[in-house]
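Heavy atoms only: backbone and side chains are in, while hydrogens, waters and symmetry mates are out. Predicted, not measured: the structure shown is a model, and the values here were computed from it.
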Amino acid sequence: MVQSSSAMPQDPFSHLNPQQRQAVTAGLGQVLVLAGPGSGKTRVLTERIAYLIRSLGVRPYGILAVTFTNKAAREMIGRLEKLLGEQVSDLWLGTFHATCARILRREANYLPFTSSFVIMDADDQEALVKRALKDLNLDDKLYRPAAMQAAISNAKNSLVLPKDVPTRNYRDEVIVRVYERYQELLLNSNAVDFDDLLMWAVRLLEDNPAVRERYARRFQHVLVDEFQDTNLAQYQLLGLLSTYHHNLFVVGDEDQSIYRWRGADYRNVLRFEEDFPEAQKILLEQNYRSTQNVLDAARAVIDRNPYRTPKSLFTERGQGEKIILYEAVDDHAEAAYVVDTIRLGLERNPKAGGDFAVMYRTNAQSRLLEEAFLRSGLPYRLVGAQRFYGRREVKDLIAFLRLVANPSDEISLNRVINVPPRGIGDKTLVALQLAARQANLSPGEVLLDLGRNGDRSPYWKAFGGRGAAMLADFGAMLSGWREAQAGELPLPALFDRVLSETVYQEYIEDGSEEGADRWENVQELRKLAYEYMERGLTAFLENLALVSDQDTLPEQVNAPTLLTLHAAKGLEFNQVFIIGLDEGLLPHSRSRDDPEEMAEERRLFYVGLTRARNQLYLVRARQRSTYGSSEYSEPSRFLEDIPDFLLSMQGIQYSSRWPARREAYQRWESTSQASLSRASEGERSRAAILEPRYRPAMRVRHPVWGEGMVLDSRVQDEDETVDVIFESVGFKRLMASLARLEII
DNA sequence: GCGTTACATATTTTT
DNA sequence: TATGTAACGC
């Protein structure tokens, strides 16, 4: 090991535990760090970079560090600056997408777009899919744009080109055609989508050995955060970038992989071990966040997932308080319980608002909480939900600006060509597209020509007089903005000019409160534009595309935080409430039929549990309203896995209604030592069910819903799934092991 | 071309 | 329940 100790008066790593230290000072080659929650993962990454620079003499220029979020990137840069001072400027540290965008802009001459390409966000992607469906004369009822987009996204994340999409049925063939058309539309617009950033980067490096060599030689060390969330494209990218020096240092935790639906594949951790058998593997198991009770509960839950590296987290913080399990009568009572409990806590310690977090599976669950907070007069902070950049007015303004930068951007053009309404309707729009296609230009270019040349434009006669005039007006406006931009009009001035010429304020401000809000959002965006005075329009647009709302949240408000379990990843709070612990919500009903999805729900719960430093509240409601109507629900199956002695039960009487609880302790005892991986989802303590007990047309009685008739029943995951029509509540799908149905 | 009403639809959302 | 989209009439 290298020791440049002459410069260091004492052991510079004395503040690290042995595993952390081993990771930070690991030698060359591939290194896999499996870091449990709260084990100091970010610290290890930043200390590792500092170590490379300070102790091994690696130039910052030769280091690439990638994260998933801008927030994580910012945090690492901040810590590095503290450790190293100004030396950090040369190193590349950013999100996967930002890093790829950077590479693609530099290497655009190898690619089918120019370096001023725009980046399409999720909304744009869906709009693009709709366009593709329309162009292909496909029914968007039959082929849902969202589903098509997901299929395309999946393909791209797995580096599958349209021609390579496997076609097992007609639907797949449709997907291929939509994917092809979608890709054409993107390139016509000189655009890439989020997934393309990764896919094009991989193709660039794969197809051009010289380019690959240049980057691979440059990056002596590649470091990756949240490795469990990588998709195939990202995995390949890392491989390509480290083909020369082979120094790939990845940090992650399979148990915290919660973005499967975005293409993330935690099995990349396993693949990494297979691809690099010589890789060093280091487990970080000391937790600096939670009490032992919290960790034990979390372990009891996560140990039931298969295909993972077993870990046993420990803490020096002591046993701590029991976990409080509360069952409310309904969802209103659930919210009231949470708010009351927080209020009591605040009475004791009024400054502790920021200690609390309330986590839930779906955003819809925040509504009742908000109402309860409002009623009690307590302030709160809501994460996510209404997204600034998703706001109509914000998207409109961005679309105008994107057109200035890139008139070929068809999605933006379609968005704002008639905003505010200026008499350009469907008919005119179709004519414009037709004229553009005939002239082999983009609609935006035709529009600009109309704007510049008016009735002398060769395209003028393609439209009815009124349509042509309207288009020319808008074209002239856009053309004027482009000239101003070329003449280096500062960004805020351009922004104002767009606002005034489109008469946007009058369009937005209708005297309503909502209108005032919208105008305020516009002002907010203008403020941001002001910050980009120096860097200019292109940098502004890139930032808008690659920075999420989560990054713009006001930090450090000393109030309880309301957020989804997904949004909670990476955060920690003294007191954590996880609400909605009911079958159908957590785990979500959408994951019922897929064991992989179910395992992910379990990880999601695990992430929530491990956010708590001191006190954990698990809350459920026996009855809750979904879309208007009220339904009864069973307790979440995950609750059964937490042993009784870690819990303190409150609310409605449990034990009589919930015999499964009693078995949890035994199960925990029997699996805790041999916690090892085998335990599969659905492996209950009772004997596995192999034959269905219920048959169609049988009459059954349920303790809550009364009598009903069995429609269907099948064995699944060693349990029985029964579909029943109840006289009281209609159709229900039940797990036989939980529902305690009685055959009449 | 635009505004109204009926109707379907409904997780999570790092970039 | 609430929201966004599609069809309809002006």
Side-chain angles (χ1 to χ4, degrees), chain A residues 66-74 94-101 119-126 130 139-141 144-146 149-150 153 156-157 192-198 225-226 228-231 233-234 256-264 331 359-368 371 383-387 389-390 392 418 420-429 464 466-467 470 542-551 563-571 580 584-592 597 600-601 603-605 607-608 624-630:
Chain A
V66 277
T67 63
F68 274 85
T69 66
N70 293 295
K71 198 172 146 201
R74 259 203 317 273
T95 63
F96 270 103
H97 292 83
T99 303
C100 288
I119 300 165
M120 297 285 181
D121 70 14
D123 289 342
D124 301 330
Q125 289 181 46
E126 197 167 317
K130 281 185 186 159
D139 182 358
D140 62 0
K141 286 273 186 350
R144 290 270 183 59
Q149 199 266 310
S153 191
K156 289 184 175 182
N157 287 331
V192 303
D193 65 20
F194 280 138
D195 306 312
D196 277 339
L197 288 170
L198 304 167
D225 190 17
E226 305 280 18
Q228 78 282 354
D229 285 336
T230 49
N231 57 36
Q234 286 158 333
Q256 295 186 68
S257 172
I258 54 173
Y259 287 100
R260 198 179 103 93
W261 45 279
R262 307 282 258 108
D331 43 3
M359 300 171 188
Y360 36 79
R361 177 68 240 261
T362 68
N363 275 312
Q365 290 172 264
S366 71
R367 223 193 72 228
L368 287 175
E371 286 170 13
V383 174
Q386 75 319 3
R387 314 134 53 105
Y389 294 117
R392 195 182 73 204
N418 200 33
R422 55 173 69 85
I424 302 174
D426 273 350
K427 236 179 81 195
T428 314
L429 206 52
R466 210 171 96 88
M470 298 294 176
E542 170 129 347
N543 185 263
L544 289 176
L546 293 179
V547 166
S548 78
D549 303 294
Q550 307 266 333
D551 295 304
L563 74 181
T564 63
L565 288 161
H566 283 93
K569 192 166 92 167
L571 305 178
L585 247 190
L586 184 61
H588 197 275
S589 50
R590 289 281 250 256
S591 17
R592 183 174 356 217
E597 293 272 299
E600 176 139 320
E601 295 290 304
R603 293 193 291 268
L604 191 54
F605 183 42
V607 165
R624 72 175 65 240
S625 48
T626 40
Y627 315 131
S629 67
S630 188

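Residue Asn363(A) places at least one side-chain N or O under 4.0 Å from the OP1 or OP2 atom of dT13(B). Listed pair Thr564(A) / dT13(B) meets the phosphate criterion, a side-chain N or O lying under 4.0 Å from OP1 or OP2. For Arg367(A), a side-chain nitrogen or oxygen approaches OP1 or OP2 of dA2(C) to under 4.0 Å. Contact between the side-chain N/O atoms of Asn418(A) and the OP1/OP2 oxygens of dC2(B) is found at a separation under 4.0 Å. Look at Arg144(A) and you'll find a side-chain N or O under 4.0 angstrom from OP1 or OP2 of dT9(B). Residue Thr626(A) places no side-chain N or O under 4.0 Å from the OP1 or OP2 atom of dT1(C). Considering only side-chain N and O atoms, Asn70(A) lies nowhere under 4.0 angstrom from the phosphate OP1 or OP2 of dT14(B).
For the pair Glu371(A) CD and dA2(C) C1', the computed distance is 12 Å after rounding to whole Å. One atom, CZ of Arg592(A), and another, P of dT11(B), lie 15 Å apart when rounded to the nearest Å. The nearest whole Å value for the distance from the CG atom in Asp123(A) to the C1' atom in dT15(B) is 13 Å. If you measure from atom CG of Leu198(A) to atom P of dT15(B), you get 13 Å, rounded to the nearest angstrom. Here dT15(B) presents its C1' atom at 10 Å from CD of Gln125(A), a figure rounded to the nearest Å. One can place CG of Asp225(A) at 13 Å from P of dT15(B), the figure rounded to the nearest angstrom. We find that CZ of Arg74(A) is positioned 13 Å from P of dT14(B), with the value rounded to whole Å. As a whole-Å value, the separation of Arg260(A) CZ from dT12(B) P is 17 Å.
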Inset, instruction - With side chain to side chain donor-acceptor pair (under 3.5 Å) as the test, would you mind laying out the steps for Asn363(A) and Thr564(A) before giving the verdict? - result: CA-CA 6 Å; Asn363(A) 275 312; Thr564(A) 63; 5.1 Å; no
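Residue contacts shown for Ile424(A) are limited to sugar-phosphate atoms, with no base heavy atom under 4.0 Å away. Contact annotation for Asp426(A): backbone-only contact, meaning every heavy-atom pair under 4.0 Å involves sugar-phosphate atoms and none involves a base. Within 4.0 Å of Lys427(A), counting heavy atoms only, lie sugar-phosphate atoms of the nucleic acid but no base atom.
Residues Ile258(A) and Thr428(A) both approach DNA chain B. Their nearest nucleotides, taken by heavy-atom distance, put Thr428(A) toward the 5′ side. Toward the 5′ end of DNA chain B lies the nearest nucleotide of Glu600(A), the other residue of the pair Glu600(A) and Phe68(A) mapping further downstream.
Rounding to the nearest 0.5 angstrom, the gap separating the CG atom in Leu565(A) from the CZ atom in Arg361(A) is 7.5 Å.
Considering only side-chain atoms of Arg466(A), the nucleotide from dT15(B), dG1(B), dT11(B) that sits closest is dG1(B). The listed nucleotides are dT14(B), dT15(B), dT12(B); the one nearest the side chain of Trp261(A) is dT12(B).
Of the charged side-chain nitrogens involved, none lies within less than 4.0 Å of a carboxylate oxygen, so that Glu597(A) and Arg590(A) do not count as a salt-bridged pair. Ion pairing between a basic and an acidic side chain is recognised when a charged N comes within 4.0 Å of a carboxylate O; Arg262(A) and Asp195(A) show no such pairing.
Between the base of dT15(B) and the side chain of Arg262(A) there is a donor-acceptor pair shorter than 3.5 Å. Side-chain atoms of Arg361(A) and base atoms of dT11(B) include a donor and an acceptor less than 3.5 Å apart.
When atom types are taken as modelled, the side chain of Arg624(A) and the backbone of Asp331(A) share no donor-acceptor pair closer than 3.5 angstrom.
Per the stacking criterion (ring centres < 5.5 Å, plane angle < 30°), His566(A) does not stack onto the base of dT12(B).
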Protein-nucleotides 3-10 of chain C N/O pairs under 3.5 Å:
none

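Asp193(A) is linked by a salt bridge (charged side-chain N to carboxylate O under 4.0 Å, His left out) to Lys156(A), counting only residues two or more places apart in sequence or in another chain. For His566(A), the ring-ring contact (aromatic ring centres under 6.0 Å, His included) criterion is met by Tyr259(A), Trp261(A), not counting sequence neighbours.
Looking at Asp123(A) and Glu126(A), their side chains never come closer than 4.5 Å, going by heavy atoms from C-beta outward.
Side-chain contact check for Gln125(A) and Gln149(A): at least one donor-acceptor pair (N or O, by modelled atom type) lies under 3.5 Å.
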